[in-house]
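Read through the structure below, which is laid out as structure tokens, and then see the notes.
Quantities reported herein were computed from a predicted structural model and do not represent experimental measurements. In listed order, ligands and their atoms are each counted from 1. Keep in mind that the numbers below use all heavy atoms, side chains included, and drop hydrogens, waters and symmetry copies.
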Amino acid sequence: MQSLSRREFLGLGLAGAAGMMVRHPLMSLLGQAEAAAGEYNVLFLPVDDLRPTIGCYGAPMIQTPNLDRMGAEGTVFTRAYCQQAVCSPSRTSLLTGCRPDTTRVYDLQTHFRDTIPDVVTLPEQFKAHAYHSQGMGKVYHGGLDDEQSWSVPHSRPRCKSWATEESIELMKRLREEVIAAGNDPKEKKYRVRGYPWEAPEVPDNVLHDGAVADMAIETLNEVKDRPFFLACGFIKPHLPFIAPRKYWDLYDHDAIELADNPFAPEDAPQYALTKWGELRSYYGMPKQGPVTDEQARQLIHGYYAATSFMDAQIGRLMDELERLGLREKTIIVMWGDHGWQLGDHGLWCKHTNFETSVHSPLIISVPGQQPATCDALVEFVDIYPSLCELCGVPLPEGLEGTSFAPLIEDPTRLWKAAAFSQYPRCIPEVGRGMGHSMRTDRYRFTEWRVPDKDFCEYELYDHEVDPKENVNIAKRPENAELVTQLAEQLHAGWQGALPTS
Ligand SMILES: [Ca+2]
């Protein structure tokens with residue numbers, strides 16, 4: 001057992017300025033005291049499709065003052081990875097603490113209660129240990145909620161997806177066209193989609209994220225006197241990029257820069273790319289081929305506006321925590337469920353194993369901690385055990401992540417050797433396969449295989465010289481030995497990449 005030095009003691013902010021002794025959750029790591037379950041609240045903030053284009057991640061073009069404030073008080077994980085770059089598989093993995101090959105949730109239809117019925121989810125574990133567990137907005141993927149996770153039923157605001165007269169007229173016309181063709185617009189395949197962006201002149205709470213922040217503020221006032229795990233999920237910057245006009249006006253449209261690598265990585269297999277059907281399904285987007293430069297600029301502008309809109313709502317929750325005097329006993333954790341291609345590699349949306357899809361933001365702010373930027377490799381599957389450890393909640397069996405609480409205490413310590421992600425793909429003329437991808441300190445390595453078929457293909461990107469993954473060097477003869485080594489490391493899996501100290 002280590003004991004606290006005076007420097008560490010002061011560094012942890014334990015000598016409260018107001019003379020009040022606040023027990024610090026990191027004390028348990030230092031063998032001083034176990035946090036008692038219920039001592040710290042959790043404000044859990046999933047953000048849909050948020051890539052790490054955030055001020056505190058070194059992105060000066062975006063305006064995210066509230067996430068920057070959260071980062072300035074907490075730990076900004078600069079190399080956090082989701083386990084599969086699409087909503088439900090990523091969220092399911094994070095919320096069950098298991099990886100996609102265990103949850104067997106690889107799509108947007110399968111519910112984990114059908115594949116791993118007895119799993120205890122993160123909010124459910126808190127509920128079982130003295131916490132009030134409540135969820136609102138997008139926590140699990142739409143339509144795949146898990147009733148037993150919550151102390152009270154999950155709720156979400158009923159808001160229109162599009163808000164201008166022009167959009168409402170367009171949607172009406174598109175629906176009439178579907179009906180005129182003898183089809184039902186309520187059926188998923190005939191559902192109509194409007195413009196991919198919009199800048200309505202409306203108050204924030206006319207749109208989902210403003211309304212869900214209202215709900216969360218109301219809930220904080222209701223639950224403030226008992227330990228809570230409050231999950232409030234925001235749906236922007238997911239498509240369509242709809243944000244009140246004032247957030248669009250934060251940006252100079254003509255100054256918005258397009259991706260500087262609008263091409264597929266050299267020598268990458270074609271199936272590793274996405275056809276970005278999600279964006280193509282919006283009105284006015286090309287059914288094939290690239291978007292125009294002006295469309296690209298408008299999409300990036302919209303993504304930034306939607307990000308700033310969401311950021312402002314998170315700021316309101318942080319302000320309310322302060323106002324209620326809850327900040328000193330509430331851990332805030334914000335994560336984007338996966339990255340997003342904003343024209344990088346000529347792609348849009350997520351659905352790949354590239355760094356642009358699997359690299360996601362993760363910020364945690366623990367009361368009294370030393371603020372830090374942490375470059376260690378961490379995974380979303382680590383969030384479950386981390387929050388349990390920080391809050392004194394026991395770990396259930398079967399978790400496949402590692403608590404990163406030690407990194408909050410010492411962000412430079414040696415940590416995992418690799419982070420793992422995966423994505424299923426139909427490989428032309430071979431069959432349905434899986435790409436397992438691994439990020440090490442230096443490389444991204446991906447192996448594509450199809451069950452029961454003699455098929456194997458690799459991608460290898462050297463981040464030391466190619467941080468944007470523009471050239472696949474897996475087939476170069478001089479890399480043969482490296483590929484063999486990395487394949488062995490990939491096959492050893494997450495169990496082979498655990499922190500050694
Ligand atoms: Ca998502």
ask   = Is the distance between the ring centroids of Trp340 and Phe241 less than 6.0 Å?
value = yes
request  = Using only N, O or S atoms, tell me which atom of Asp49 is closest to the Ca ion (ligand 1).
outcome  = OD1
key: Apex the Ca ion (ligand 1); atoms Asp337 OD1 and Asp48 OD1; angle rounded to 10 degrees   = 90°
key: Angular separation of His338 NE2 and Cys87 SG about the Ca ion (ligand 1), given to 10°   = 110°
query = When you check the gap from the basic side-chain N to the acidic O, do Arg156 and Asp145 get nearer than 4.0 Å?
reply = no
key: N-O pairing of Lys350 and Asp49 below 4.0 Å   = yes
task = Can you label the angle between the Tyr423 ring and the His351 ring as parallel, tilted or perpendicular, going by 30° and 60°?
result = perpendicular
